[in-house]
Amino acid sequence: MVRVIGHVDLDYFYAQVEEVQSPSIKGRPVLVCVFSGRTEDSGVVSTANYEARRLGIGSGMPIALAKKKLKGVAGAVIPMHRERYEAVSEEIMRLVGGRVDVLEQTGIDEAFFDITKSSNGDYSAARNTAAGIKAAILKSQGLTASIGLGRSKIVAKMASDFVKPDGLTVVTPDSTTDFLTPLPVIRLYGVGPKTSQALEELKIHTIGDLATSDITDLEPRFGRKVSAYLLQAAKGEDEDPVTERQETTQFSRIITLKQNTKDANAAFKELLPAIEELHQRLLSKGISFRTLSTIGILTDLSTRTKTKTFESSAESLLVRKNEILTLLQELTGAIDKELRRVGIRVSGLSDTESQTSLTQFY
DNA sequence: GTATGCTTTCGGC
DNA sequence: TTACGGCCGAAAGCATAC
């Protein structure tokens, strides 16, 4: 049976949650910001609403620059409230999950879903389901979302991106080629500015150009695997199934240092509260880890990591304090620029309880 | 060559 | 004139074992 895949994307999510929380800011530019604490305005914009975007403000923009673009306009510059967004997201995902066959959450504000069975392969029935999901999200949390339907994840994702905010775009299997063909390659999922520019140089401008291009023209530039992906994607033919997301595979904390340094001890000291927070998070979730990484972001914003995997997993980050410091020393020893930000990551996760019972069993 | 596991980097939101 | 987070998953890169 032809699949019916959906992609739901909550519109300008963090900023929209803030609008619902504080209705008086609606209609004004809203900037949800991450303040790093180094200076009053150091940090970046995480999410901007559409009024702010119209002024040229967007994600990742330094706060100081964004404020400049506000000029005299009375914008709402709000620090982000991550836990609030997580709670809203959780509620919405639960709600959507109850209306689809399979839900695959891919971020705090988006998810793929499969409704092949419940819609019986009928795209008209599927449209009603999608409209119902939008209505339910609006009723429950007061938020708009954009949904796309298509025969594959790629098509669904591009469809949800086609009309937003508050969009509902249905691309039937028959209309897939017509939908994709005229779009510029930059719109293709997985194609960023770099790949896009390389394709332009091969005179491939639209997804249609890409779909009908010769793989032997692509391979010298992109390699076999990427070329095959690009061709497949341009035809909207990916077979990637929608699967329930397994548990989180890694946890990390990263901070911006008060001042740049190459001193591992100084960085460690400033990182300690974040380490303790992550420690508490692991304990409260009953999670052990086997792999430990330190992360450094240098003054040029490039990233360096040092990682160590242990024989057995630990439930306490604090008993690995010495290893953390050692990794930080290895990291600082291998760089020529100063550290601007520093962080810690744990992976190779396992459930502490089941591990304990396994240990008892053996 | 293939499978596997670990480390590092990349890119999305 | 410049300005610059904090997460996450996955891909890429590399080594080892068979």
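Please read these numbers as outputs of a predicted model, since none were measured by experiment. Computed from heavy atoms alone, side chains included, the values below leave out hydrogens, waters and symmetry copies. A note on names: the letters A, B, ... follow the listed sequences, proteins ahead of strands, and every chain is numbered from 1.
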Base versus backbone protein contacts along nucleotides 8-13 of chain B [heavy-atom cut-off under 4.0 Å; B, S, -]: BB---S

Electrostatic pair K164(A)-D11(A), nearest N-O below 4.0 angstrom: no

Look at the side-chain N and O atoms of R82(A) and state whether any lies under 4.0 Å from the OP1 or OP2 oxygen of dG6(C). no

When all nucleic acid strands are considered with a 4.0 Å heavy-atom cut-off, which category describes F35(A): base, sugar-phosphate, or nothing? nothing

Integer-rounded Å distance: dA3(C) C1' and N260(A) CG: 14 Å

For dC6(B), does either OP1 or OP2 sit under 4.0 Å from a side-chain N or O belonging to R290(A)? yes

I295(A) has an atom CD1; how far is it from atom C1' of dG6(C), in whole Å? 10 Å

Please check the phosphate of dG5(C) (OP1 and OP2 only) for any side-chain N or O of R253(A) closer than 4.0 Å. no

Could you tell me the separation between the CD atom of E83(A) and the C1' atom of dG6(C), rounded to a whole number of Å? 14 Å

Can you tell me how far P of dC8(C) sits from CZ of F13(A), to the nearest Å? 16 Å

May I ask you to decide whether E277(A) forms a salt bridge with R253(A), counting only side-chain N to carboxylate O separations under 4.0 Å? yes

Tell me what G43(A) touches on the nucleic acid: a base, only sugar-phosphate, or nothing, going by heavy atoms under 4.0 Å. sugar-phosphate

Within this structure, what is the CE-to-P distance between M80(A) and dC8(C), rounded to whole angstrom? 11 Å

Using side-chain contact (heavy atoms from CB on, under 4.5 Å) as the criterion, point out the one residue from F13(A), Y85(A), Y12(A) that pairs with V32(A). Y85(A)

Among dG6(C), dC8(C), dG5(C), which nucleotide sits nearest the side chain of S252(A)? dC8(C)

By nearest-heavy-atom nucleotide on DNA chain C, the more 5' of G60(A) and Q250(A) is G60(A)

Should D166(A) and K134(A) count as an ion pair when the cut-off is N to O under 4.0 Å? yes

Do the side chains of D101(A) and K117(A) get close enough for a salt bridge, i.e. N-O under 4.0 angstrom? no

Using atom CG of L301(A) as one end and atom P of dT2(C) as the other, report the distance to the nearest whole Å. 15 Å

Using the C1' atom on both, measure dG5(C) against dG11(B) and round to a whole Å. 15 Å

Categorize S46(A) for me: base, sugar-phosphate, or nothing, with a 4.0 angstrom heavy-atom threshold over every strand shown. base

Give the nucleotide from the list dC7(C), dC4(C), dC8(C) with an atom nearest to the side chain of V44(A). dC4(C)

Choose from dG6(C), dA10(C), dA3(C) the nucleotide whose nearest atom is closest to any side-chain atom of R341(A). dG6(C)

Test: E104(A) and R245(A) ion pair at under 4.0 Å: yes

Distance flag, aromatic centroids of F162(A) and F179(A), threshold under 6.0 Å: yes

Spacing between I57(A) atom CD1 and dG5(C) atom P, to the nearest angstrom: 17 Å

Measure the distance from CG on L349(A) to P on dG5(B) and round it to the nearest whole Å. 16 Å

By the 4.0 Å heavy-atom rule, please label G348(A) as base, sugar-phosphate, or nothing. nothing

Give a yes/no on whether any side-chain N or O of S36(A) is located under 4.0 angstrom from OP1 or OP2 of dG5(C). yes

Base dG5(C) to side chain T256(A), donor-acceptor N/O within 3.5 Å cut-off: no

Closest to side chain of T291(A), choosing from dC8(C), dG5(C), dT7(B): dT7(B)

Ignoring hydrogens and angles, tell me if any N or O in the side chain of T332(A) forms a donor-acceptor pair with the backbone of Q329(A) under 3.5 Å. yes

Using the side-chain heavy atoms of P62(A), tell me which of these nucleotides is nearest: dG5(C), dC7(C), dC4(C). dC4(C)

Are R84(A) and E18(A) close enough for a salt bridge, meaning some N to O gap below 4.0 Å? yes

